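Worksheet: the structure to be examined is printed underneath.
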Amino acid sequence: MMLTSNLHSTFYILHSTIMKSLQGIPAVGGVGIGPLVIYRRANLNGANAPFAAGKSESERLADAIVAASEELHALAARVRSEIGDEQAAIFAAQAMIAADPSLHDSAAQLIAGGSDAPSAIKAAGEEYAVLLAGLDDPYLSERAADVRDVAGRIERILRGQRENLPTLTQPAILLADDLTPSETATLDPKMVLGIGLAEGGLTSHVVVVARSKSIAVVVGLGQLPADEEASAILDGDGGRLILAPDAATLAAYQQRQQAAAATQQRQRGLREQPAVSRDGVRVRLVGNVGSVADAVGLAEYGAEGIGLLRTEFLFLEHEPTEDEQAAIYRKIFAAVPGEIVVRTMDLGGDKPPPYIDFGNEANPFLGWRGLRVGLERRDMLLTQLRAMLKAAAGRKLGIMFPMVSTVEEWQAALAMVKEAQQAVGKEQPSELQVGIMVEVPAAAMMADALAAECDFFSIGSNDLTQYVMAADRGNAHVASLYSAAQPAVLRMIARTVEAAHAAGKWVGICGEAGGDPQLTTLWLGLGIDELSMAAPRIPTVKEAILSHSAADCRELAAKALACATLADVMKLL
C-alpha cells in the first residue's frame, strides 16, 4: 500500500512538472517574460448580419469578396510602410486568393444548393485549404492557412463581425491555437512579449510576419493550458512555454534577457569598426535587403552596403514598368551609402507571379526559374536592367544573375546587360560589376570557366545546399541532410572560392549560412571576401571575425574539408 502511495505521489509530481512546461518547436528566437493571455477565436456560426441587405446571397457574396479584397490591399499597404515589401506581399497574395474564380465558383454552387453566403464561403475555403494541406510540398501545404484567413475574412464581413483579438492593457505573452497572418500583422510588438501556438509551422506566414516584428514564437505546443497565468516564460530559442515559473527559473531567464541586452549594447559599440581578423584579414559584412524599409535599417547594424537586393517583391502583384522600378531602386540606393549588389528577378520556384503562365511544373525548383525566365522574357529582364542602371547613375553598382547553370547562359545575360547599357546612354553607374549567384552545382563545377568572364561570385548557400544534397530545405523528413556544413557543400564552396581567387575575382556568400556565426570561422578560413546576411545578424558575425585569426581558421577549414561526415565538421566547430 505504501509503495502504491509513493508511486502515485511520484506520478503526481511528474505530471505537475510536465504541465508547467510545454515543449513546442522554436520558430523565432528570443525570450518573453510576463502574464499569459489566451486568444480563443469566436465562433462565427449563427450570426448573419444584413451585409448588402436586400440582395441575393450570391450578390452579398460578390460584394463581400470585393470588400475583403479592398481590406487586404489596404493591409498590404500598411504592412509595406510599417514592416517591408516582402511581408506586404503576403497580403497582396491573399487579395489574389480572394479574387480566385475557383473559390467563388465553389461557394456559388453551395449557394445554389440552398446554403447562405457565409456558410458557403466558409465551406468552400475549407475545401480549398484541406486540398492544399494534403500536398507533400511543405511550402504549399502551409498556404492552407492563407486560404482559411481569406475565407474567414469574407465570412466575418458577411456576418458583420471583425477579428476579436484581445486588447492588451499590459505587455503579455499571447497564446492561441493558431493565428492568421492578418491577425499577426495587427499585433503591437511593444505589447506582445511572445507568441505560443498550439499548431502552426516553421514556414507559415505567421512566423514570417512575427519575425519581422522581432516577436519570439514557439509553434506546435499541442493543447494549450485551460487558464491564463499571471506569470509565464516563452523561450523562443528552446521552444518551451513555462507556466508559473518558480523563482530560480524566473531569475535564470531574466539573466538571459540581461545578458542578451548587454551583448547588444557591446555590439552596438562595434558598429563603425570593420570586420578584421586578429591577423589583419578583412571581410566585408553587408545586408540582404527585400524592401526600402530593410535598406533604411542597415546602418543601425553597421552594414557596409547591400550584398543581395532581392527584387522579386516588385513583381509579385503586377509587372512593373521601368519607371516604377527605377523609383524604388533610387529610394533603396539613397538609403545605403556603400556597395550595392542587385539580383535580377528570381521568379518561379516558390515565387510564380500571377501574370506569367508557369504551367503545371512537377518540380518547380528544378524548372523554369531565375535567369531561365529572364532569358525567355527578354522584355522583362531588359526593362529591369535599364531601371537598375538609371537608378544607380553616378555610383558603384553590382548586378548578379540567379540560377546560372552554364557558361552560355552567363554569356547571354552579359549581352543583355550591354544592350541595356547602350539603351540608357549616359545615365550609367560610375562603376559596374556583373556577376552570378553560384547556387547550382553545375556553376560550382564550372567555376574556373565562369570566373574568367564574371566580375564576382556570390554563393547562394540556401539553394546550393538544397541541390548538392538533393534535400528540399522545407521538408522536415530530410532536414538532417540540409546543412551548409555538409562536407560535400563545403567542398563545392572551396572549389568556387579557389577558382574565383585564381582569376583575381572576389567571392561572397549571401544565403542563410552567411549569417550563421557558428560557420563564420569556416568562411574566414576558406577565404570568403564578403558575407551578406539579415542585418540583425551582422554584429554577432563581426564579433566572431574580430576574435579569430584567419591563419587559425584556415587550419580549421582544411580539417573540415577532410571530414567525411557532418558530425565530424560540427565537432570541429
Side-chain angles (χ1 to χ4, degrees), residues 19-41 78-79 82-84 87 163-202 204-265 267-268 297 300 534 536-537 539-540:
M19 288 302 292
K20 287 184 179 180
S21 179
L22 302 179
Q23 184 64 48
I25 302 169
V28 181
V31 172
I33 301 175
L36 198 65
V37 173
I38 302 176
Y39 167 42
R40 305 188 192 281
R41 188 170 284 109
R78 172 184 165 186
V79 170
E82 294 179 357
I83 305 176
Q87 293 75 21
E163 292 148 332
N164 65 320
L165 276 169
T167 301
L168 299 178
T169 57
Q170 62 177 325
I173 297 168
L174 180 65
L175 290 193
D177 287 327
D178 204 355
L179 290 175
T180 66
S182 57
E183 287 170 337
T184 312
T186 64
L187 296 177
D188 182 353
K190 294 178 182 178
M191 299 299 287
V192 180
L193 302 172
I195 298 172
L197 301 179
E199 303 168 11
L202 295 178
S204 73
H205 282 154
V206 171
V207 171
V208 173
V209 176
R211 182 180 292 115
S212 68
K213 291 173 172 276
S214 299
I215 300 175
V217 180
V218 175
V219 301
L221 287 168
Q223 187 174 0
L224 297 179
D227 301 312
E228 296 180 348
E229 298 279 353
S231 177
I233 298 171
L234 185 109
D235 181 354
D237 301 302
R240 297 176 68 204
L241 175 67
I242 302 171
L243 307 175
D246 57 34
T249 302
L250 186 61
Y253 273 94
Q254 286 173 335
Q255 286 179 353
R256 276 181 57 179
Q257 283 188 323
Q258 291 168 1
T263 297
Q264 290 178 348
Q265 181 66 27
Q267 290 176 344
R268 274 195 290 269
E300 177 185 350
R537 296 183 180 183
T540 304

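Because the structure is a prediction, the values reported are computed rather than measured.
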Self-check item: Flag side-chain contact, heavy atom, 4.5 Å: I233 against V31
Solution: yes
Heavy atoms of L36 and P225 approach each other most closely as CD2-CG, 4.2 Å
- Message: When you compare the side chain of L187 with that of I195, does any pair of heavy atoms fall below 4.5 Å?
- Response: yes
side-chain hydrogen bond (donor to acceptor under 3.5 Å, both in side chains) filter on S214, not counting sequence neighbours, yields none
**Report entry** V218 side chain near L234 side chain, heavy-atom distance below 4.5 Å
**Finding:** yes
Taking side chain as C-beta onward, heavy atoms only, is R256 less than 4.5 Å from D237?
yes
- Mark yes or no for whether R211, through its side chain, and A27, through its backbone, hold a donor-acceptor pair below 3.5 Å. yes
Between I173 and A232, the two heavy atoms sitting closest are CD1-O, 3.5 Å
**Sub-4.5 Å side-chain heavy-atom contact between L175 and L241** = yes
In terms of heavy-atom contacts, L168 and M191 come closest through O-CE, 3.2 Å
d(L22 CG, L224 CG) to nearest 0.5 Å is 8.0 Å
For the pair L179 and L174, evaluate side chain to side chain contact (heavy atoms under 4.5 Å, CB included) and give the outcome as yes or no after the intermediate values. CA-CA 10 Å; L179 290 175; L174 180 65; 4.3 Å; yes
Minimal heavy-atom distance between A198 and G222, with the atoms involved, is CB-O, 2.6 Å
- Considering residues, nucleotides and ligands other than D227, do more than 12 of their heavy atoms fall under 6.0 Å from its CG? no
Nearest heavy-atom contact between V37 and A172 is CG2-CB, 3.8 Å
When rounded to the nearest 0.5 Å, the distance separating OG1 of T249 from CD of Q254 is 11.0 Å
Heavy-atom closest pair (V28 atom, I215 atom, distance to 0.1 Å) is CG1-O, 3.3 Å
Query - Validation row: I33, P245 side chains within 4.5 angstrom (heavy atoms) - result: no
- Task: Report yes or no: does Q23 contribute a side-chain atom to a donor-acceptor pair with the main-chain N or O of G238 at less than 3.5 Å?
- Result: yes
Of E229, E228, Q170, the one forming a side-chain contact (heavy atoms from CB on, under 4.5 Å) with P35 is Q170
- Indicate yes or no: at least one non-hydrogen side-chain atom of V206 is less than 4.5 angstrom from one of V217. no
With sequence neighbours left out, the residues meeting salt bridge (Lys or Arg N to Asp or Glu O under 4.0 Å) with D177 are none
